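Note that the structure is predicted; figures quoted are calculated from it, not measured. Numbered from 1 within each chain, the chains take letters A, B, ... in sequence-line order.
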Protein chains: 2
Amino acid sequence: MISLALALATAAAPAPAPLLTPSDIVAAAPRSAWQRIPDEDVMVIDFVGGGRTVIQLAPMFAPVHVTNIRALAKSGYWSGASVYRVQDNYVSQWGTNDSGKPWPAGVVVKPPAEYSRPLKGLTPRRFAFADPYAPRVGHALGWAVAWSPATARASLTHCYGTVGVGRELDPDTGTGGELYAVIGQGTRHMDRNIAIVGRVIEGMDQLSALPRGTEALGMYGKAQSPKGISQVQLASAIPAGERPGFEYMREGSASFAAYVNKRANRHDAFYTIAAGGVDLCNAPVPLRRVPAPQ
Amino acid sequence: MISLALALATAAAPAPAPLLTPSDIVAAAPRSAWQRIPDEDVMVIDFVGGGRTVIQLAPMFAPVHVTNIRALAKSGYWSGASVYRVQDNYVSQWGTNDSGKPWPAGVVVKPPAEYSRPLKGLTPRRFAFADPYAPRVGHALGWAVAWSPATARASLTHCYGTVGVGRELDPDTGTGGELYAVIGQGTRHMDRNIAIVGRVIEGMDQLSALPRGTEALGMYGKAQSPKGISQVQLASAIPAGERPGFEYMREGSASFAAYVNKRANRHDAFYTIAAGGVDLCNAPVPLRRVPAPQ
């Protein structure tokens, strides 16, 4: 808590008043607090009839699955796919619904269980508040992670907007052809049981505002119309002039520490009682759109 | 943890296998584990064009606001109202959008700040897992609550489906004419800053699957069509033959302890690694529909 308090004091020094919101802190963060997301890690889904969802991939946590997903995007595998499952307070899921469509070159059909990775190489920054799911939580490489000192392994965490790989029953791990996004309360019990490959950056409403499926597990019924996908591309494949660019806030920045602290201690014109703590999933890593490099 | 383990052993004794899901435990719960919700605490919202949302009111936590809400429902105040605000991963809000419509008899226009209540009389059952927001969390009278031994006050908690009273800036507390439901990650930072009056029992998708508002705070823009409300009634005002009836699972039952423990320790055909903990908002009190008494 001491380091957080110091960081807050540093970050807040130029501010006019003590009634900042988390958004105020993000808006005031200096250029140095932001880290560019590689275009190869940005996946753009365009829907039939308009609408776009942008996803950041996490190759450092699920490298084989992300390699699969990039190959699927580059090959046009998902053109004509759909969002065929929407389960309230759980997930929206898209793909070809295991149609048996042939895999393009470069897809590993039976990937390893990339549900966690060695802690080594991550040096996560610890989150200051209690977590009911894991002995340690924090942030590394711009992602919310959980880890165990006993196993020395770390995993990404299921929060709102987290993207994972649909699979059948264990030990199947899924290819990446069927993906889901969390559209409700963070489903943290899924951590370490399934491969997380990214998170939604923009266009979350394209997945969260859909009619819920009427069949078991939120699968769409015959009387429902799954939302069609027209194309999926990596940002790196989009011409430079049209390519969207994004940054995340570095967890080592003073702005990030101030942001988390303010999420835990809301006090402004609306909030009069601060909780003094915040859930990992309620302090999402700030993301922003930036102009493409010229 | 010892009492939980014992409860689980008791509840699981007749079960065939150790691979139960939380739903299995709820389905197998004996009649004695369930408590009828009074019809006067059940509010039924019917939408224009079909669709229904059912809400359980919590008079023991916000008595003046709930009295207002009952008076508004009985007077037909919300006929012609709408869902005019839908903010992704936050709330859907409905009412007349502070239209200035006259209050019916019995409405207290400036209610007290019923953001918490005395702990006395509740005797909550403690939740076994860590919470980042409050020194104590647990369940009382069928509701997830947080409390502080220091203040000896308890509050309801903002989880998915929690219903609260929209208000302007502090110290306004809202009348109950404008209500919201949480449609994303539990907004626990709002606890103790606003009046919680209930939770959605059925028809959550009528509020969560709506198009998100395009204006600030998710307010619907001029090009959007707010979802219309045709009528709002208390179940007690619906003829007995058509009246929906509901029960909640008692927190003191062995089934509830087993259910929470299984939420924290998923192990079945899909889950192979149990978290060993669960968030308060990810173990919602089981609710079920029952036939109306004959």
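Looking at A/D131, only its backbone comes within 4.5 Å of chain B, counting heavy atoms on both sides. The parts of B/D279 that come within reach of chain A are both its backbone and its side chain, each placing non-hydrogen atoms under 4.5 angstrom from that chain. With a 4.5 angstrom heavy-atom cutoff, B/A269 touches chain A via backbone and side-chain atoms both. Heavy atoms of B/L280 lying under 4.5 Å from chain A are absent altogether. Heavy-atom distances place both the backbone and the side chain of B/I273 under 4.5 Å from chain A. Within the 4.5 angstrom heavy-atom criterion, only backbone atoms of A/L210 (N, CA, C, O) approach chain B. Of the two parts of B/A274, only the backbone, made up of N, CA, C and O, holds a non-hydrogen atom closer than 4.5 Å to a non-hydrogen atom of chain A.
The shortest distance between side-chain heavy atoms of B/Y271 and B/N265 does not fall below 4.5 Å. For the pair B/Y248/B/I201, no side-chain contact is recorded, criterion being any heavy-atom separation below 4.5 Å from C-beta on.
Under the side chain to side chain donor-acceptor pair (under 3.5 Å) test applied with B/Y180, the options B/H158, B/R85, B/R167 reduce to a single match, B/H158.
Chain B forms more heavy-atom pairs under 4.5 Å with one residue of A/A146, A/S208, A/G186 than with any other, namely A/S208. Your options are A/A264, A/C159, A/G184, and the one with the most heavy-atom pairs under 4.5 Å with chain B is A/G184. Residue with the most contacts toward chain B among A/C281, A/A134, A/P211, A/P171: A/C281 (heavy-atom pairs, distance under 4.5 Å). Note: B/M190 leads B/M190, B/R188, B/E168 in heavy-atom pairs under 4.5 Å with chain A. By number of non-hydrogen pairs under 4.5 angstrom with chain B, the leading residue of A/P132, A/G277, A/A130 is A/P132. Of the listed residues (A/I183, A/N89, A/V86), the greatest number of heavy-atom pairs within a distance under 4.5 Å of chain B belongs to A/N89.
Annotation for A/T162 and A/I196: closest pair CG2-CG2, 3.6 Å, computed over non-hydrogen atoms. When all heavy atoms of A/E251 and A/R125 are compared, the closest pair comes out as O-CD, 3.0 Å.
Ring planes of B/Y259 and B/F256: tilted class, angle from 30 to 60°. Using cut-offs of 30° and 60° for the angle between ring planes, the A/F61 and A/W143 rings count as perpendicular.
With 3.5 Å as the limit, one finds a donor-acceptor pair spanning the side chains of A/N282 and B/Y133.
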How far apart are the C-alpha atoms of A/D24 and A/K262, what are their side-chain angles, what is the distance that settles it, and do they pass the side-chain contact (heavy atoms from CB on, under 4.5 Å) test?
CA-CA 10 Å; A/D24 293 334; A/K262 184 57 73 180; over 6 Å; no
